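One-based numbering, in listed order, for ligands and for the atoms of each. None of these values were measured; they are calculated from a predicted model. Keep in mind that the numbers below use all heavy atoms, side chains included, and drop hydrogens, waters and symmetry copies.
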Amino acid sequence: AVVVHLGMSGQILVDEPGAADQRHLRLRLPVTAADGSARELRFVDQRIFGGWWLDALRPDDAAGGERIPTTAAHIALDPLHPLFDPLAVHARLARRRSTLKRALLDQSLVSGIGNIYADEALWGARLHPERPTERMRRADTLRLMAAVQDVMRRALEVGGTSFDALYVNVDGRSGYFARSLAAYGRTGQPCRRCAAEGVDSRIVREPFMNRASHLCPRCQPRPRRRRAVAADA
Ligand SMILES: [Zn+2]
């Protein structure tokens, strides 16, 4: 079985057995590390939106027979998985009648992308969040998937997208990725890419579902509207 973290909040920490309890410690699970040493998995949740789920593992064809949790079977491979196939993503994307950011956040298309990574990757690939998916060219998707991978790698290197003390990595340290964000949360600040070209273009915030998108209106131009189907009147 495997522990799956569910919910909107909380952190899984790896700790020494007998280490002092964290504030808001909810669960403690003794485990044996790969090197045979004793460790504790701990679940710390200041809010109460998170939880753990014990799940069975089963082999998954899309992941090359790798065993994954049963509850995750419908979730697509994440872009850093060795078998991740950006061309397959493109084929699925092109079949959708949706808009780009909405599709990016759909875990059945590609997994692991939330609001922050989506905004950062779209900025990196110079694509507007409202671009119709059927208008994505292969080169657009490949550029976007490369941008997603780049954002994820940078985030992993520094321990996640932390904005506050609530978000920590498995060692309990805060992440410092927020400082390197190019679009997300930078409303009104200069776009760094445009600034490098000597142009003053400011990041704007646009409503997106119940949240917001952050983008540069100059290097991520809004797509022209779909041509309306002519009414046969
Ligand atoms: Zn720009």
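Between the side chains of R39 and S37, at least one donor N or O lies within less than 3.5 Å of an accepting N or O. Side-chain contact annotation: H214 with D119, donor-acceptor N/O pair under 3.5 Å present. The closest side-chain donor-acceptor pair between R202 and Q189, if any, does not fall under 3.5 angstrom.
With a cut-off of 2.8 Å, the protein N/O/S atoms near the Zn ion (ligand 1) add up to 4.
Salt-bridge annotation for D15 and R28: absent, with no side-chain N of the basic residue lying under 4.0 Å from a carboxylate O of the acidic one.
By the 6.0 Å contact criterion, CZ on R102 is open, its count of non-hydrogen atoms from other residues, nucleotides or ligands being 12 or less.
Taking all atoms of both residues into account, the shortest heavy-atom contact from L144 to A125 is CA-CB, 3.7 Å.
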